[in-house]
Structures are given as C-alpha cells and as structure tokens.
Amino acid sequence: MIYNEEFETLPREVLEALQFKRLQQVLQRVYHTVGFYRRTFDAAGVRPDDIKTLADLSRLPFTSKQDLRENYPFGLFAVPMSSVVRLHASSGTTGRSTVVGYTKRDIDTWSELMARCFVAAGLTKNDIIHNAYGYGLFTGGLGAHYGAERLGASVIPMSGGNTKRQIMILQDFGPTAICCTPSYALNLAEQGRAMGVDMRSLRLRVGIFGAEPWSDQMRDQLEDQLAIQALNIYGLSEVMGPGVAMECSEGREGMHIFEDHFIVETIDPETGAILPPGEEGEIVFTTLSKEAFPLIRYRTRDVARLITAPCRCGRSHVRMGRIMGRSDDMLIIRGVNVFPSQIEAVLVGIEGLEPHYQLVVDREGTLDTLEVQVEVSERTFANADEVKVLQKMERRIVKDIKDYLGVSARVKLVEPKSLQRFEGKASRVTDRRKL
Ligand code: DLL
C-alpha cells in the first residue's frame with residue numbers, strides 16, 4: 001500500500017522535473033529572505049538564476065551544522081516568526097543547539113510524510129500505534145504523533161521512559177505497532193520478560209525503529225523477541241525530523257527518501273566531491289518544500305550509500321542503506337545526540353579538573369552506557385585527603401552532564417597525568433558497542 005500513490009511512484013523524469021521546479025523556487029526564496037544564503041551564494045559567485053539544471057546544484061555551497069550554530073537560534077528562518085507555529089531543537093547541547101521552525105504548511109507536509117512512512121510499514125487507520133519516541137523538543141514524539149493522526153490510526157502518546165507502565169499499556173491497549181529507538185525496543189522486550197510477560201504474544205506486528213544506528217543482527221533480535229516486522233526510519237531535526245526516509249515492508253533493503261520533498265546527494269566527506277550513486281559517502285540534503293527552515297545542501301555527517309535499483313513496492317524514490325557511521329564525532333547515547341566537545345564544555349566549567357578526559361561508550365544488555373574519565377588537578381588531588389570531596393565533585397559532574405546534555409553518565413575522577421596524551425588529533429572516545 002502507498003499513501004500518496006501519485007507522488008511516491010512518479011516516473012524518474014517527471015520526479016526530476018518536479019524537483020527542479022521546486023528547487024528554483026526554494027533558491028529564489030532563500031536568496032531573498034535569508035542573509036546567510038545571500039552571502040554564501042554571493043561568495044561562491046552563483047545566483048539562483050545560474051542554476052539551470054538539477055546537476056547545477058553542485059555549484060552551490062554546502063551548509064553545515066556549524067552554520068546553523070552560528071545563526072542560533074532563528075537566523076536561518078525564511079519566514080517571520082508570526083508564520084512559525086512550532087519550534088524543535090536538537091537534543092543535548094549547552095546552548096547553541098540547532099533550532100528548527102515549522103509553518104502550518106510545514107507541519108502538514110511533515111504529517112503527510114510520516115503518514116507515508118506508516119503506510120510503507122503496512123499500517124492503516126485500523127492500527128493502534130504505541131509511540132514511545134520522546135515528546136518535547138526532540139522531533140521523534142510529535143513527528144510520529146501527527147503522522148499517525150494524519151493516517152487516522154489510534155495513537156498512544158507514550159513518550160519515552162516509565163518502562164513498566166509501557167509494558168502494561170502494551171498488554172492492555174493491544175497496540176499493533178510500536179515506534180521507538182531500536183535499543184529501547186530491546187530494553188522493553190527484556191524488561192517485559194523479566195516481569196513474566198510473553199512479549200511474543202502481544203498484538204504488536206510492526207516496529208518502526210530509528211533515531212540511532214542499528215544493524216541487521218539487531219533487526220533479527222527484535223523480530224524474534226517481539227514477533228514483529230522491524231523496519232528502519234530515518235530523519236534529522238534539521239531536515240524535518242523523522243520521516244525523511246523509510247523502509248517499506250516489501251523491500252526491507254534501504255529506506256525510500258521522499259524525493260518529491262528532498263534532493264539527496266552523496267559526497268566524499270574529505271573533498272566534498274559528489275559520488276556516483278551506490279558509493280558509500282556522506283549524505284547531503286536539500287529541502288524542496290520547507291517554508292520556515294529551508295536547507296540547501298545540508299551536510300548530515302551520516303555515512304550511507306544510495307540504492308537506485310527499483311523496489312518491488314513500486315515506489316520510484318531512491319533508497320538509502322543503513323547509516324554506516326558518521327563523518328564527525330557525534331555519538332548517540334540512548335537516543336540522545338552528544339558531541340564530545342559538549343562534555344568538554346561541561347568539564348571545563350568545573351573547577352579542580354584538568355582538560356584531559358576520555359569517554360568510554362558501551363552497551364550493557366540493551367542499554368548504552370557512558371563513562372567519563374577525567375583528571376583532577378594536582379591541587380585538588382593533593383588537598384583531596386577526604387574521599388568525600390572527590391565524591392562531591394563526581395556527583396556535580398554527573399548532574400551537570402545530565403542537566404545540560406540530558407544524558408546519564410558515570411564519572412570516574414582519575415589522578416593527574418594518568419590519561420593518555422596525544423601528539424596529533426586527540427582520540428577521546430572509545431566506543432565498545434557492538435550493534
Ligand atoms: O533522531 C529524528 C528521528 C526520530 C529519526 C525518530 C527517526 C525516528 P535528531 O535527534 O536530530 O533527529 O538526530 C538525527 O540521528 O543525523 C543520524 O545520525 C541519527 N539517525 C536518525 N535515524 C537513524 C537511523 C532524529 N534510522 C541523527 N539509523 C541523524 C541510524 C539514525 N541513525
């Protein structure tokens with residue numbers, strides 16, 4: 001089943017003609033309404049009128065997360081605030097996070113794209129959708145919620161956390177689909193079993209999992225433990241939120257990118273050169289219909305490959321394979337995006353610490369763990385005859401990391417000069433997770 005048969009199955013030439021028409025419109029709009037784009041286009045010596053084919057897009061400069069940060073909070077909005085009906089922000093930052101805005105029509109488009117995702121997963125208005133993506137500034141909760149309502153399904157706005165209650169609702173309300181991060185789904189399965197619940201006999205038949213990397217092995221585990229079909233959904237706040245791309249239940253190999261609303265490119269993260277379809281590289285998106293927060297050639301830092309082979313579901317939109325990694329150092333810990341530099345910002349704000357730290361990420365059972373090892377200064381160390389002083393410091397760091405970044409960490413204070421020093425690029429993260 002296809003939600004928007006007309007647009008999701010457009011023949012390639014028609015799709016590209018539509019993309020080009022929309023591209024011209026969005027370029028004119030950003031050039032005339034967003035100072036940042038006017039400056040970067042001018043600096044590159046390209047004007048919207050110079051873009052005469054889709055391939056000319058490559059003449060335009062990229063937009064990076066850094067550009068978004070520098071224009072915090074609303075500098076890249078292309079409409080006045082009076083037209084913005086919703087704001088979201090990326091998780092986990094000490095201030096200059098990325099803030100995104102939506103007009104009424106943007107919310108409508110997003111709802112439609114999420115409804116397309118649900119239908120691609122085989123859902124209809126007769127389904128009950130348990131939505132355990134977090135509601136709030138994170139786009140997951142509300143994004144999936146509006147899509148489920150658009151489809152006409154019954155949505156349970158669970159949000160994240162409170163696992164025992166989630167299991168009770170899963171048993172009592174009998175949802176047929178669940179939306180959450182894949183690691184949380186494993187966690188639910190495990191805790192359910194511990195509570196003596198037969199998690200395979202719930203009414204669930206589909207899981208729509210995303211917001212963090214996962215693997216085919218994890219898919220097998222989820223399908224086995226919950227007796228469901230587990231499908232991959234992709235998105236990022238900057239570009240829209242969940243629903244930029246979705247795996248269909250027929251193909252199950254790669255996620256269809258809704259190309260009537262986004263142009264996708266893969267580039268070499270080092271040189272910025274465009275790669276031929278099929279080669280693994282950094283994914284770059286240009287939004288074609290967004291009003292409040294259009295993005296031109298946005299570098300996602302997500303590494304994947306595009307699949308152009310036709311899919312048996314009949315959708316003509318290109319697919320992207322699983323995200324294979326990132327071309328920067330962003331970590332996703334229990335669904336929260338964390339940059340090591342943000343942890344560093346917390347640590348340097350605390351007296352008595354040295355700027356030498358290591359982050360160890362692991363997975364215990366189904367839960368991601370983050371350990372922050374940080375050196376205390378000679379002075380603190382010499383004066384810390386009382387263990388209490390160090391314990392107090394540890395607690396403060398744990399609290400600050402939780403307050404600023406929204407992620408729980410274990411903190412280990414270590415002796416001055418005990419952590420490894422680096423001659424070139426510091427490598428501060430050890431990621432032991434096997435997905
Ligand atoms: O995670 C939006 C989302 C919500 C997607 C719910 C899917 C489901 P952000 O918090 O801005 O937005 O994080 C975006 O998460 O750049 C990827 O690195 C990662 N990511 C999202 N989906 C997947 C996926 C939401 N299916 C960042 N596989 C992205 C791997 C994913 N990584």
Side-chain angles (χ1 to χ4, degrees), residues 64-65 68-69 87-93 97-100 102 110 113-114 116-118 120-121 129-148 158-160 177-185 207-216 218-219 222 230-247 252-258 262 264 269 282-285 293 295 298-305 319-339 342 368 405-407 431 433 435:
S64 68
K65 197 167 187 104
L68 269 48
R69 291 207 176 109
L87 296 167
H88 280 285
S90 68
S91 46
T93 33
S97 58
T98 47
V99 181
V100 294
Y102 304 78
W110 186 14
L113 298 193
M114 272 308 306
R116 289 187 191 180
C117 294
F118 288 131
I129 302 177
H130 180 108
N131 183 15
Y133 284 122
Y135 282 65
L137 284 177
F138 177 55
T139 51
L142 285 167
H145 185 102
Y146 274 60
M158 267 319 289
S159 197
I178 182 166
C179 304
C180 60
T181 58
S183 58
Y184 191 60
I208 294 152
F209 303 128
E212 65 182 12
W214 55 307
S215 59
D216 279 328
M218 262 176 90
R219 164 147 43 205
L222 284 164
L231 297 169
N232 201 357
I233 182 165
Y234 172 84
L236 59 167
S237 338
E238 299 92 308
V239 172
M240 184 176 79
V244 173
M246 174 75 201
E247 206 166 41
R252 279 167 64 91
E253 201 214 333
M255 302 168 275
H256 291 281
I257 298 168
F258 296 119
F262 311 103
V264 62
E282 182 180 331
I283 301 288
V284 172
F285 287 109
F293 192 74
L295 274 177
Y298 182 66
R299 291 189 60 163
T300 62
R301 295 289 178 181
D302 289 320
V303 173
R305 74 189 173 90
R319 287 171 285 169
M320 59 193 271
R322 277 192 191 284
I323 305 294
M324 304 308 289
R326 302 252 328 158
S327 65
D328 63 5
D329 55 1
M330 187 180 91
L331 298 163
I332 304 185
I333 296 165
R334 298 195 194 181
V336 181
N337 303 352
V338 179
F339 286 93
Q342 296 175 320
D368 294 333
L405 307 180
V407 34
D431 197 338
R433 286 176 294 191
L435 299 180

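As the structure is a prediction and not an experimental result, all values here were calculated from the model. Order of listing sets the numbers, starting from 1, for every ligand and every atom in it.
Atoms of ligand 1 found under 4.0 Å from any heavy atom of Arg326 (numbered from 1 in listed order, with element): 16 (O), 18 (O). Near Ile332, meaning under 4.0 Å from one of its heavy atoms, ligand 1 places the atoms 15 (O), 18 (O), 19 (C). Close approach of ligand 1 to Gly210 (heavy-atom distance below 4.0 Å) involves ligand atoms 7 (C), 8 (C), 26 (N). For ligand 1, the atoms closer than 4.0 angstrom to any heavy atom of Ile323 are 28 (N), 30 (C), 32 (N).
Results of the salt bridge (Lys or Arg N to Asp or Glu O under 4.0 Å) test with Glu247 over Arg322, Arg219, Arg319, Arg252 single out Arg219 as the only residue that passes. In summary, of the residues considered (Val407, Asp329, Ile332), a side chain to side chain contact (heavy atoms under 4.5 Å, CB included) with Val338 occurs for Val407 alone.
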(message) Applying side-chain contact (heavy atoms from CB on, under 4.5 Å) to Met158 and Asn131, what does each step give before you reach the verdict?
(response) CA-CA 6 Å; Met158 267 319 289; Asn131 183 15; 5.8 Å; no

(request) Any chance you could lay out the ring pair (Phe, Tyr, Trp, His ring centres under 6.0 Å) test for Tyr135 and His145, step after step, and finish with the verdict? (result) CA-CA 9 Å; Tyr135 282 65; His145 185 102; 5.7 Å; yes

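Both the backbone and the side chain of Ser237 come within contact range of ligand 1, each with a heavy atom under 4.0 Å. With a heavy-atom cut-off of 4.0 Å, Thr181 does not touch ligand 1 at all. Only the side chain of Asn232 comes within 4.0 Å of ligand 1, counting heavy atoms alone; its backbone N, CA, C and O stay farther away.
The closest non-hydrogen atom to atom 16 (O) of ligand 1, taken over Ile208, Leu236, Leu231, Asp302, comes from Asp302. For atom 21 (C) of ligand 1, the nearest non-hydrogen atom from the set Gly243, Gly235, Pro182 belongs to Gly235. Of the listed residues (His88, Lys65, Glu212), the one carrying the non-hydrogen atom nearest atom 24 (C) of ligand 1 is Glu212.
At least one heavy atom of Pro213 sits closer than 4.0 Å to an atom of ligand 1. Residue contacts with ligand 1 leave out Arg301, since none of its heavy atoms falls under 4.0 Å from the ligand.
For the residue pair Ser90 / Ser237, no side-chain donor-acceptor distance below 3.5 Å is found, with atom types taken as modelled.
Among the atoms of Thr300, none of the N or O lies under 3.5 angstrom from an N or O of ligand 1. In terms of polar-atom proximity, Pro242 is not counted as a contact of ligand 1, lacking any N or O under 3.5 Å from an N or O of the ligand.
You'll find the side chain of Tyr133 stays beyond 4.5 Å of the side chain of Leu142, heavy atoms only.
For the pair Ser327 and Val303, the tightest heavy-atom approach, listed with the atom from each and the gap, is N-CG2, 3.9 Å. The shortest non-hydrogen separation linking Met320 to Ile283 is CE-CG1, 4.4 Å.
The structure places CD1 of Ile233 at 13.0 Å from OG1 of Thr181, a figure rounded to the nearest 0.5 Å.
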